[in-house]
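For reference, the structure is listed below as structure tokens.
Residue numbering restarts at 1 for every chain, and letters A, B, ... go by the order of the sequence lines. Nothing here was measured: the structure is a model prediction, and the numbers come from that model.
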Protein chains: 2
Amino acid sequence: MQIGIVGLGLIGASLAGDWRSLGHEIVGVSRQQSTCNIAIERGLADRSSTDMAILAGVDTIVICTPIDKILPTIEQLLPYISAHTVVTDAGSVKAAIVADATKICPNFVGGHPMAGTAQSGIEAAERGMFANKPYILTPIAATNPQAIESVAELVRSLDCQLYYATPSQHDLAVAWISHLPVMVSASLIAACMGEVDPEVLKLAQNLASSGFKDTSRVGGGNPELGTMMARYNRDALLKSLVGYRDRLDGIIDAIESHHWEEISTTLSQNQIDRSEFL
Amino acid sequence: MQIGIVGLGLIGASLAGDWRSLGHEIVGVSRQQSTCNIAIERGLADRSSTDMAILAGVDTIVICTPIDKILPTIEQLLPYISAHTVVTDAGSVKAAIVADATKICPNFVGGHPMAGTAQSGIEAAERGMFANKPYILTPIAATNPQAIESVAELVRSLDCQLYYATPSQHDLAVAWISHLPVMVSASLIAACMGEVDPEVLKLAQNLASSGFKDTSRVGGGNPELGTMMARYNRDALLKSLVGYRDRLDGIIDAIESHHWEEISTTLSQNQIDRSEFL
């Protein structure tokens with residue numbers, strides 16, 4: 001199969017490498033000529049260009065750009081795709097994209113491969129990065145069933161855990177387990193750095209261990225990605241943030257009111273729930 | 001030196017093992033005879049008993065009980081200590097203990113070894129667990145300087161990073177980097193399990209990866225310890241929780257108001273601050 005990949009960052013270049021090693025012909029598109037060159041040098045693509053026209057005639061196109069570039073990219077692709085071309089994306093939010101994308105391209109299937117590393121860019125591309133990781137497809141009623149099956153087959157070939165969900169179910173689920181943790185963790189860093197007396201902060205720095213490191217990790221990650229999550233998954237994220245703040249307020253109230261039994265009950269239930277959940 | 005250890009859990013038994021292997025004579029006290037037997041069998045103590053009287057004549061006593069038992073333990077020890085006996089503790093909060101402990105025992109030096117594992121109890125005791133880890137001493141004006149130096153020497157012999165702080169500085173610092181993360185993380189688990197629609201929760205469970213795992217880790221930990229932190233470090237923890245909620249509210253407001261530049265600025269600053277802090 002000929003597969004076009006638009007956006008040769010960590011996700012796009014890793015998908016390209018995996019599918020090429022399975023025998024597919026990979027056509028890569030990047031905004032940067034230097035990235036196109038690296039894709040060829042590293043054997044991640046057979047052909048590569050900064051010009052979308054190179055994608056004319058490919059069977060499937062996977063859009064791996066930042067979230068805000070997905071819809072504009074589909075519009076730019078229209079002159080080069082046929083009625084048979086299947087188009088999918090790798091964006092981490094789906095409701096803001098799928099309905100509009102399906103209107104302009106009935107063979108569009110929303111997708112979200114949930115893998116990655118702390119690095120970004122083509123240099124960080126890894127073979128086998130998606131194996132045993134979740135890959136969610138979010139078809140809607142208007143999605144062409146053959147397009148769904150075609151993308152599903154490509155996903156299965158990566159040994160992913162394939163899930164189907166509606167765009168809004170997907171967005172709520174990732175809000176809770178991915179986007180909310182970023183904001184919870186970001187608030188911790190911002191509060192610690194902004195609120196603490198300098199002498200205490202110096203001591204805190206010396207004492208900080210795995211508890212602070214782990215809880216603050218995702219809040220200190222890629223700021224562009226975090227902002228995109230908030231912007232394009234605003235409604236689901238706000239819902240989870242408000243639910244979170246209610247629980248936090250409950251804990252603050254219990255501590256203020258010396259209700260230690262309530263704190264103990266919450267923490268005991270958490271210990272059971274987290275271990276069952278993960 | 002003869003060192004008495006009261007409370008042979010993870011911390012007490014690990015300190016006992018390290019100091020005994022440095023040539024000190026270790027006298028262990030536990031509420032359970034079975035724990036005393038294990039301490040002897042494993043070579044963690046030279047003598048061990050459930051009766052405090054065994055501590056008569058030792059040079060230094062280290063209280064490694066849960067926080068709420070530290071002051072009662074010092075009172076029980078009074079018949080067996082002399083004017084020269086140095087007493088220290090391993091509690092993770094200090095203001096609630098040090099002033100009162102010093103009143104009844106002028107050779108008391110507040111201490112907090114910041115090491116541990118996810119396990120607890122004498123079976124989890126490890127040699128070298130404190131090496132290269134912070135160990136804070138929190139003397140006050142009334143503390144006998146010779147007692148401070150004597151405890152400091154024992155701490156240095158473990159190859160710890162030795163810090164001095166006032167009890168209230170210590171409590172604020174650990175509130176921010178240890179106790180606040182527990183409550184932040186606990187609220188995440190409670191909100192996720194309590195607020196999410198069952199179908200979305202099932203999907204979230206399938207998608208949960210390192211971001212959720214890390215951010216929820218300390219909130220799913222030992223509930224007794226978490227409750228003790230909240231109870232005995234209430235004021236410092238509430239201060240940090242209120243500061244944290246302010247930052248969280250700021251993030252929620254920015255998302256509600258579509259102030260994406262503000263989210264981006266906060267996350268960018270976080271990325272820099274966290275990497276400098278750790």
Side-chain angles (χ1 to χ4, degrees), chain A residues 114 134 163 165 169 172-173 176-178 181 183-193 195-196 200 203-209 211-220 223 226-227 230-231 234 238 241 243-245 247-248 251-252 255 260 263-264 266-268 270-271 273-274 277-278, chain B residues 114 134 163 165 169 172-173 176-178 181 183-193 195-196 200 203-209 211-220 223 226-227 230-231 234 238 241 243-245 247-248 251-252 255 260 263-264 266-268 270-271 273-274 277-278:
Chain A
M114 293 192 70
Y163 298 102
Q169 280 175 331
L172 272 170
W176 280 102
I177 54 94
S178 171
M183 299 305 156
V184 160
S185 176
S187 304
L188 177 64
I189 302 172
C192 198
M193 305 304 150
E195 303 278 333
V196 184
V200 172
L203 181 63
Q205 188 174 19
N206 289 326
L207 307 187
S209 68
F212 183 81
K213 273 184 196 130
D214 283 0
T215 317
S216 68
R217 185 176 66 78
V218 294
T227 307
R231 183 165 187 168
R234 177 179 174 274
L238 276 176
L241 275 164
Y244 175 78
R245 185 170 52 186
R247 298 292 166 151
L248 182 73
I251 284 182
I252 294 174
I255 296 175
W260 311 120
I263 296 289
S264 172
T266 301
L267 295 179
S268 298
N270 272 356
Q271 194 178 35
D273 286 347
R274 180 178 183 271
F277 187 73
L278 291 175
Chain B
M114 292 192 72
Y163 299 102
Q169 280 176 331
L172 272 169
W176 280 101
I177 54 93
S178 172
M183 299 306 157
V184 160
S185 176
S187 304
L188 178 64
I189 303 172
C192 199
M193 305 304 149
E195 303 278 332
V196 184
V200 172
L203 182 63
Q205 187 174 19
N206 288 325
L207 307 186
S209 66
F212 183 81
K213 273 184 197 130
D214 284 1
T215 317
S216 68
R217 186 176 64 80
V218 293
T227 307
R231 183 166 187 166
R234 177 178 175 273
L238 277 176
L241 275 164
Y244 174 79
R245 185 170 53 186
R247 298 292 165 149
L248 182 74
I251 284 182
I252 294 174
I255 296 175
W260 311 121
I263 296 289
S264 173
T266 300
L267 295 180
S268 298
N270 271 357
Q271 195 178 34
D273 286 348
R274 180 177 184 273
F277 187 74
L278 289 175

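Contact count versus chain A (heavy atoms, under 4.5 Å) is highest, among Ser185(B), Ser216(B), Ser268(B), for Ser216(B). Taking Lys213(B), Arg231(B), Met183(B), Arg245(B) one by one and counting their heavy-atom pairs under 4.5 Å with chain A, the maximum is reached by Arg231(B). If you tally non-hydrogen atom pairs under 4.5 Å between each of Gly211(B), Gly219(B), Ala190(B) and chain A, the highest count goes to Ala190(B).
Without hydrogens or angle criteria, Asn270(A) side chain to Gly220(B) main chain gives no donor-acceptor distance under 3.5 Å. Proximity of a side-chain donor or acceptor of Gln205(B) to a complementary backbone N or O of Phe277(A) within less than 3.5 Å is detected.
Considering only heavy atoms from C-beta on, Leu248(B) stays 4.5 Å or farther from Leu188(A) through its side chain. A heavy-atom distance below 4.5 Å is found between the side chains of Thr215(B) and Val184(A). Using a 4.5 Å cut-off on side-chain heavy atoms (C-beta onward), Phe212(B) and Val218(A) make no contact. Residues Ile189(A) and Thr266(B) form no side-chain contact, since every pair of their non-hydrogen atoms from C-beta on lies 4.5 Å or further apart. Contact annotation: the side chain of Val196(A) never approaches that of Leu172(B) to less than 4.5 Å [non-hydrogen atoms, C-beta and beyond]. The shortest side-chain heavy-atom distance between Tyr244(B) and Glu195(A) does not fall under the 4.5 Å cut-off.
Within the 4.5 angstrom heavy-atom criterion, no atom of Ser178(B) approaches chain A. Only the side chain of Ile251(A) comes within contact range of chain B, judged by heavy atoms closer than 4.5 Å. In this structure, chain B has a heavy atom under 4.5 Å from the side chain of Leu238(A), while its backbone stays farther away.
Considering all non-hydrogen atoms of both residues, Ala191(A) and Gly243(B) come closest at CB-O, 3.9 Å. Closest of all the heavy-atom pairs between Pro223(B) and Ser264(A) is CB-O, 4.2 Å. Here the closest non-hydrogen pair linking Ala173(B) and Leu207(A) is CB-CD1, 4.3 Å. For the residue pair Leu267(B) and Ala186(A), the shortest heavy atom distance occurs at CD2-CB, 3.6 Å.
Interatomic distance, CG of Leu203(B) versus CD1 of Ile177(A), reported as 8.0 Å (0.5 Å rounding). Atom CD1 in Ile263(A) sits 7.0 Å away from atom OG1 in Thr227(B) (nearest 0.5 Å). Note that CE of Met114(B) and CG of Asn206(A) are 10.5 Å apart. Values are rounded to the nearest 0.5 Å. Annotation: the span from Arg217(A) atom CZ to Asp214(B) atom CG amounts to 4.5 Å, rounded to 0.5 Å. The line from SG of Cys192(A) to CZ of Arg274(B) is 11.5 Å long, rounded to the nearest 0.5 Å.
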Could you walk me through whether Arg234(A) and Trp260(B) satisfy the side-chain contact (heavy atoms from CB on, under 4.5 Å) test, starting with their C-alpha distance in whole Å, then the side-chain angles of each, then the deciding distance to 0.1 Å, before giving a yes or no?
CA-CA 11 Å; Arg234(A) 177 179 174 274; Trp260(B) 311 121; 3.9 Å; yes
